[in-house]
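What follows is one structure encoded as structure tokens, with my remarks underneath.
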Amino acid sequence: MTEKKTATEGAEKKAPTNFIHQQIEAELAEGKNDGRVHTRFPPEPNGYLHIGHAKSICLNFGIAEKYNGLTNLRFDDTNPTKEETEYVDSIKADVRWLGFDWGDREYYASDYFDKLYEFAVTLINRGLAYVDFQSQEIISQQRGTPQRPGIDSPYRNTSPEENLMHFEKMRNGEYDEGHCVLRAKVDMASPNMHMRDPLMYRVLKKTHHRTGDKWCIYPMYDFAHGQSDYWEGITHSVCTLEFEIHRPLYDWFVDELKTDDYRPRQIEFSRLNLSYTVMSKRRLLELVQKKYVSGWDDPRMPTISGLRRRGYTPESIRKFSERIGVTKVDGVTDVALLEHAVREDLNKRAQRVMGVLNPLKVVITNFPEGKEEMNQAVNNPEDESMGKRSVPFSRELYIERDDFMEDPPRKFFRLAPGREVRLRYAYFITCNEVVKDENGEITELRCTYDPETKGGNAPDGRKVKATLHWVSAKHAVKAEVRLYDRLFNDPDPAGHKDVDFKEFLNPDSLTILSECYVEPFVKDAQPLDHFQFERIGYFNLDPESTPEKMRFNRTVSLRETWKKM
RNA sequence: UGACCCGUGGUGUAAUUGGCAACACGUCUGAUUUUGGUUCAGAAGAGUCCAGGUUCGAGCCCUGGCGGGUCAACCA
């Protein structure tokens, strides 16, 4: 239930300072905005949120928390051809799951369509906007290149009256899609392409997920975003680097709108790139649509929903976001940092349990047939309050195939012929016989146990070099376990100019083990419950798991310092 | 041939705003251990893209290079 906590709980008020915090503090010192700090998280509802968004969410809500401000959730829904309520719902669920609360400040760019329209009319009246009837190609040509200035559109000096009439007609649906657009009259010679008379409105005869068929013209993002921030009283518009070049345009629009000194200040930071994965919504959408993964919440996806299903906790994601910091340098963050964050979190909270992934049968020849014993096991050595549980022991067990070697190398100190090891929380056992089938495959181990070592300690003080996990064959729950590996083989799959990122898909990113045995304790587990399978890794119960066929996802393996040679 | 942004160990960040480069991850030792986990102790690894300049002193300031990124969607 700790996952229900809001991010504002906890006492770590001294969050690491970054350049954005520094700028805010400098402004606060100047008394800007009357000391008010107000941020926003502005996703477009055209896809699911990913870990990169989590960074932004943590940053924005973190700023508000640190400086006693507020954060709005605003959907930038200016393009009805790509946006859907399914995405709106998933985004809200993900932000909440991460532990953040936007109160009643849930906004939509579409809330401002009327005001935006009025503002466009104002700009037309001021001679700062005009309707252009040229084709997309011509407009694009006239815009020039970054190196060469653009040239004026022949419609650039149409009178406000005429523009008004045309704009009205656009709104009334009298012009077809693509027939004309409304453009801002800024500067066709600007070195900044975005200032070369950018589009404000286009005709789109599409039904909008919120405004229905009320409009057949829709504002461009660039014409809506800055004003939305302004109307919401946002003081700091934090966004990613690629919008840096848009900033002068946003400022230009807001300067035409504002009535006093207040203007949102945009600050850009570098988006998160994680090694061995892709982070653009376009590519993630492609993976989903072309079925390279099972969906947006496939546990291999870097989406919030994927990470959740994989077994990541909100706390671990927030901790990760905090640790990677915020800068303008764009690089690639090693997934190892993310993995460390979950391990650290899960180590402290995950219920320990024994589960055998690749079973090898063990018969304890001197243990009476039909006899059963219960052993006490610690639920979490990191948290005594989690108590203990009983684990059944009997004559026939399963151990991990990897924990036995017939001809072990020097550094292998698990079970081998003639060798004694400890079964965790149970007894010392010694392997006496290796049973094989006609192919030479080991099918069973015959061992003896030492009754004196009950609980796992020898009264004579003798030691064993290894402790194995095990499960009683008769009592075990059979389960399916899904092992996940990185989705791509390349550290930067999207970073190759001539090779499609899908070329780097890892064919072994999912391994399904259908015959695993877990101790009966997990029977009552609920979807998403976290466990540590001792000596193996962290797992959680998949939402599609059923009591008849339990399914676990491996979140991350335990750190493994022993390397097989 | 343009404009803007960025360059600190392998990776992500820090450096009291000009004072002998710090932290985390990762890696490698060793100790402890009924999880080859955790924990603990320790080590290696950058002299801050390069070259000049200012200064008693530069990762921080200036100049010029070099390298990387972004920008020419009726996408956001």
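Every chain is numbered from 1 and lettered A, B, ... according to where its sequence line falls, protein lines coming before strand lines.
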Exercise for the section: Identify which nucleotide among B/A15, B/G12, B/U13 has an atom closest to any side-chain atom of A/Ile324, counting heavy atoms from C-beta outward. Expected result: B/G12
Fill in the blank from the handout: Ranking B/G36, B/G7, B/U17 by distance to the side chain of A/Val329, first place goes to B/G7
Problem - Heavy atoms of other groups near A/Arg271 CZ, more than 12 under 6.0 Å - result: no
Exercise for the section: Using a 4.0 Å heavy-atom cut-off across all strands, classify A/Arg424 as base, sugar-phosphate, or nothing. Expected result: base
Exercise for the section: Compare the minimum distances between each of B/C6, B/A76, B/G36 and the side chain of A/Tyr221, then state the nucleotide with the smallest one. Expected result: B/A76
Handout entry: Whole-angstrom distance between B/A41 and B/C23, as gauged at atom P
Key = 13 Å
Practice task
Searching all strands shown, indicate the nucleotide that pairs with B/C40 (Watson-Crick or G-U wobble; both distances under 3.5 Å).
Solution key: B/G30
Handout entry: Under 4.0 angstrom between A/Gln23 side-chain N/O and B/U17 OP1 or OP2
Key = no
Handout entry: Distance test, side-chain N/O of A/Arg148 to OP1/OP2 of B/U1, below 4.0 Å
Key = no
Handout entry: Parallel, tilted or perpendicular, as decided by the 30° and 60° cut-offs, for the rings of A/Phe243 and A/Tyr221
Key = tilted
Exercise for the section: Would you classify A/Gln376 as touching base, sugar-phosphate or nothing, given that sugar-phosphate means primed atoms plus P, OP1 and OP2, and contacts are heavy atoms under 4.0 Å? Expected result: nothing
Exercise for the section: Identify whether the distance between the nearest side-chain nitrogen and carboxylate oxygen of A/Arg210 and A/Asp111 falls below 4.0 Å. Expected result: yes
Exercise for the section: Determine whether more than 12 heavy atoms belonging to other residues, nucleotides or ligands lie under 6.0 Å from atom NZ of A/Lys205. Expected result: yes
Handout entry: Side-chain N,O (A/Thr78) to OP1/OP2 (B/C75) below 4.0 Å
Key = no
Problem - side chain to side chain contact (heavy atoms under 4.5 Å, CB included) partner of A/Ile399, chosen from A/Val356, A/Leu415, A/Asn358 - result: A/Leu415
Exercise for the section: Please state whether the rings of A/Tyr218 and A/Phe113 are parallel, tilted or perpendicular, taking 30° and 60° as the class boundaries. Expected result: perpendicular
Problem - Sidechain N-carboxylate O distance under 4.0 Å for A/Arg462, A/Asp450 - result: yes
Handout entry: Glycosidic conformation of B/G47, taking syn as within 90° of 0 and anti otherwise
Key = syn
Problem - Touch class at under 4.0 angstrom, heavy-atom based, for A/Pro149 against every strand present - result: nothing
Problem - Phosphate OP1/OP2 of B/U39: any A/Arg559 side-chain N/O under 4.0 Å - result: no
Practice task
Pick base, sugar-phosphate or nothing for A/Tyr218, based on heavy-atom distances below 4.0 Å to the nucleic acid.
Solution key: nothing
Practice task
Decide side chain to side chain donor-acceptor pair (under 3.5 Å) for A/Gln142 and A/Gln134; before the verdict, give the C-alpha distance in whole Å, the side-chain angles of both, and the deciding distance to 0.1 Å.
Solution key: CA-CA 10 Å; A/Gln142 288 173 350; A/Gln134 299 180 103; 2.7 Å; yes
Handout entry: Ring centroid separation A/His179 to A/Phe133 under 6.0 Å
Key = yes
Problem - From B/U11, B/G36, B/G37, nucleotide with atom closest to A/Leu337 side chain - result: B/U11
Practice task
For A/Gln532, answer base if it contacts any base atom (sugar-phosphate contacts may also be present), sugar-phosphate if it contacts only those atoms, and nothing otherwise; contact means non-hydrogen atoms under 4.0 Å.
Solution key: base
Exercise for the section: Answer yes or no: does a side-chain N or O of A/Thr467 lie under 4.0 Å from OP1 or OP2 of B/U35? Expected result: no
Practice task
Among the candidates B/G36, B/A76, B/U38, find the nucleotide nearest to the side-chain atoms of A/Arg535.
Solution key: B/G36
Handout entry: B/S/- contact track for nucleotides 67-74 of chain B, protein heavy atom under 4.0 Å
Key = --S-SBSB
Problem - Touch class at under 4.0 angstrom, heavy-atom based, for A/Val464 against every strand present - result: nothing
Fill in the blank from the handout: Expected label for B/U17 (glycosidic angle, syn inside 90° of 0, else anti) would be syn
Exercise for the section: Report yes if a donor N or O on one partner sits less than 3.5 Å from an acceptor N or O on the other, where the partners are the side chain of A/Arg343 and the base of B/G37; otherwise report no. Expected result: no
Completion exercise
Mate of B/A3 across any strand shown (Watson-Crick or G-U wobble, both atom pairs under 3.5 Å) is B/U70
Practice task
Please work out if A/Asn46 contacts a base, only the sugar-phosphate, or nothing of the nucleic acid, heavy-atom cut-off 4.0 Å.
Solution key: nothing
Fill in the blank from the handout: Checking B/U38, B/G36, B/U35 against the side chain of A/Glu382 (C-beta onward), the nearest is B/U38
Exercise for the section: State whether the distance check finds a donor on one side and an acceptor on the other, under 3.5 Å, for side chain A/Arg323 versus base B/U13. Expected result: no
